[in-house]
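Worksheet: the structure to be examined is printed underneath.
Just so it is clear, the values below take in all heavy atoms, side chains as well, and ignore hydrogens, waters and symmetry mates. Just so you know, residue 1 is the first one in the sequence shown, and it goes up from there.
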Amino acid sequence: MKGYVVLENGEMFEGVLHGKEKEVHGEIVFFTGMSGYQEVLSDPSFKGQMVVFTYPLIGNYGVNEVDFESITPQVNALLVSELSNEGYHYESCSSLESYCEKHSIPLLSGIDTRAIVKRIREQGDMRAIITTDPTNLSFNQSIPLGQQEVVPEVSTKTINTYGSGDHHIVMVDFGYKKSILDSLLEQGCRVSLVPYDTTFETIQSLQPDGVMYSNGPGNPKKLQELLPTIKKVAMSYPTMGICLGHQLLALAFGADTEKLTFGHRGANQPVIDLTTNKVYMTSQNHSYVVNEESLEGTGFKAKFMNINDSSIEGLIHKQYPVFTVQFHPEAHPGPSDSEQLFFTFIEMLSNKGREKAYA
């Protein structure tokens with residue numbers, strides 16, 4: 001059936017809508033990776049967003065049973081230029097179209113993705129509506145994603161422990177990706193996954209060797225009430241933050257965050273380590289960044305920088321064993337060299353490792 005995406009700026013684009021007929025609201029963003037659509041649709045950091053794929057052909061390797069980042073799909077909708085109805089991969093168990101239809105995810109194909117991406121790059125991420133009837137639409141039915149509290153929708157409600165390794169990590173869940181947990185387990189860790197609003201006392205009772213603050217969706221400033229706990233934890237345990245966790249740790253120590261015009265979403269973002277000058281090709285998904293000028297007086301200094309726009313991609317604290325990254329070291333956008341950052345974190349769990357990290 002015919003489907004339409006209507007942008008907040010008033011522009012409308014026509015395509016073919018697959019699945020059930022319904023009106024869907026969300027923030028429209030674009031993803032520049034050539035592959036990884038299965039990880040995208042299941043990444044909790046995309047909660048509340050419609051994702052436009054810049055690569056022209058999507059769905060060609062189908063959907064398998066193992067590459068999901070969460071139990072359920074998280075995106076509000078997917079928009080593609082050309083949709084493949086076959087999955088040409090030995091692990092494929094269904095097509096992208098049938099998977100989206102099963103989970104009631106609007107999938108709009110045959111759309112002018114290049115034109116939409118140009119609008120987003122020029123005017124920024126914006127609200128959009130997918131519909132089969134473009135008349136009498138109202139954007140007042142939804143509020144901007146930056147004003148929504150979306151983390152409670154994706155965070156675990158209970159404490160769960162995985163693995164049986166020698167190092168015990170508490171991972172605070174703001175919408176974690178399964179591959180982060182898998183990476184920690186592969187490094188020989190026992191991981192206790194806890195809700196986003198877990199108190200310091202509860203974390204302390206779990207007797208962790210270190211604490212991980214996960215990725216997640218939305219505006220970090222919607223979680224201001226958590227900042228005192230986050231700072232107290234970081235002053236008490238070796239701590240690592242990824243994406244939203246990185247932003248929250250910066251805020252907790254007094255830095256500021258700001259929204260990018262159209263964010264970083266893709267598997268090809270070049271990041272330089274300011275200490276070693278080594279460059280990583282990284283996978284990213286975020287709208288907000290830490291303001292570099294706001295780091296003064298926080299104890300943090302920039303550790304990683306995005307080569308494309310010079311935005312901060314990671315921090316290290318001068319006094320406490322705390323470091324953060326704005327990208328996903330567990331992802332494999334071709335190279336997997338940034339995965340060693342998990343080993344760096346585990347080294348920090350010992351006094352010797354802390355000394356090495358700060359040498």
Side-chain angles (χ1 to χ4, degrees), residues 27 29 31 33 36 38-49 51 67-75 125 145-146 148-156 162 169-185 191 193-198 210-223 226 230 233-234 239-252 257 259-260 263-267 269 271 280 282-290 304 306 311-315 322-333 338-339 341-342 345:
E27 180 180 71
V29 301
F31 179 83
Q38 182 171 338
E39 289 86 345
V40 167
L41 68 87
S42 59
D43 181 352
S45 292
F46 278 112
K47 188 72 175 181
Q49 294 177 324
V51 183
D67 286 333
F68 293 109
E69 294 292 357
S70 60
I71 297 174
T72 59
Q74 302 291 344
V75 297
D125 300 333
L145 183 60
Q148 297 180 37
E149 296 183 0
V150 284
V151 167
E153 298 179 37
V154 295
S155 177
T156 183
Y162 303 88
I169 306 298
V170 165
M171 182 157 67
V172 183
D173 176 24
F174 298 106
Y176 84 104
K177 291 172 63 177
K178 178 178 175 291
S179 51
I180 295 177
L181 174 61
D182 291 342
S183 293
L184 291 173
L185 295 178
V191 181
L193 188 69
V194 303
Y196 76 100
D197 56 355
T198 300
V211 176
M212 168 82 72
Y213 285 99
S214 84
N215 63 293
N219 184 349
K221 290 182 179 177
K222 297 302 291 184
L223 298 167
L226 304 179
I230 291 172
V233 168
T239 303
M240 180 179 178
I242 296 178
C243 292
L244 181 59
H246 149 82
Q247 297 159 15
L248 289 169
L249 280 161
L251 288 173
T257 57
K259 196 174 190 292
L260 292 167
H264 298 156
R265 297 178 185 85
Q269 292 283 334
V271 169
Y280 302 95
T282 68
S283 177
Q284 300 191 14
N285 173 21
H286 61 98
S287 297
Y288 296 85
V289 292
V290 175
F304 299 100
N306 189 294
S311 61
I312 289 179
E313 292 283 1
L315 303 168
V322 179
F323 83 100
T324 70
V325 291
Q326 182 65 84
F327 51 92
H328 284 273
E330 81 288 348
H332 296 159
S338 63
E339 190 174 34
L341 293 173
F342 288 110
F345 174 50

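Residue S311 holds its OG atom at 6.0 Å from NE2 of H286, rounded to the nearest 0.5 Å.
Residues S287 and L260 have side chains not in contact (no heavy-atom distance under 4.5 Å, counting atoms from C-beta outward). Proximity of Y162 to L181: side-chain heavy atoms (C-beta onward) are separated by under 4.5 Å at one or more points. Two residues are said to be in side-chain contact when any heavy atoms from C-beta on lie closer than 4.5 Å; D197 and L226 meet this criterion. In this structure, K221 and L251 have side chains that are in contact, with non-hydrogen atoms separated by less than 4.5 Å. The side-chain heavy atoms of T198 and V172, taken from C-beta on, include no pair separated by under 4.5 Å.
Environment of NZ in K178: sparse, with no more than 12 heavy atoms of neighbouring residues, nucleotides or ligands closer than 6.0 Å.
Just one residue in the list P44, S45, C243 forms a side chain to side chain contact (heavy atoms under 4.5 Å, CB included) with N285, and that residue is S45.
A donor-acceptor contact under 3.5 angstrom links the side chains of Q247 and Q326, judged on distance only. Judged by distance alone, the side chains of Q284 and E313 do bring a donor and an acceptor atom under 3.5 Å apart.
Classified by interplanar angle (parallel below 30°, tilted 30° to 60°, perpendicular above 60°), the ring pair F174/Y196 is tilted.
With respect to the salt-bridge test (charged N to carboxylate O, under 4.0 angstrom), the residues D43 and R265 do not qualify.
T324 contributes a side-chain N or O that, together with a main-chain N or O of L315, makes up a donor-acceptor pair within less than 3.5 Å.
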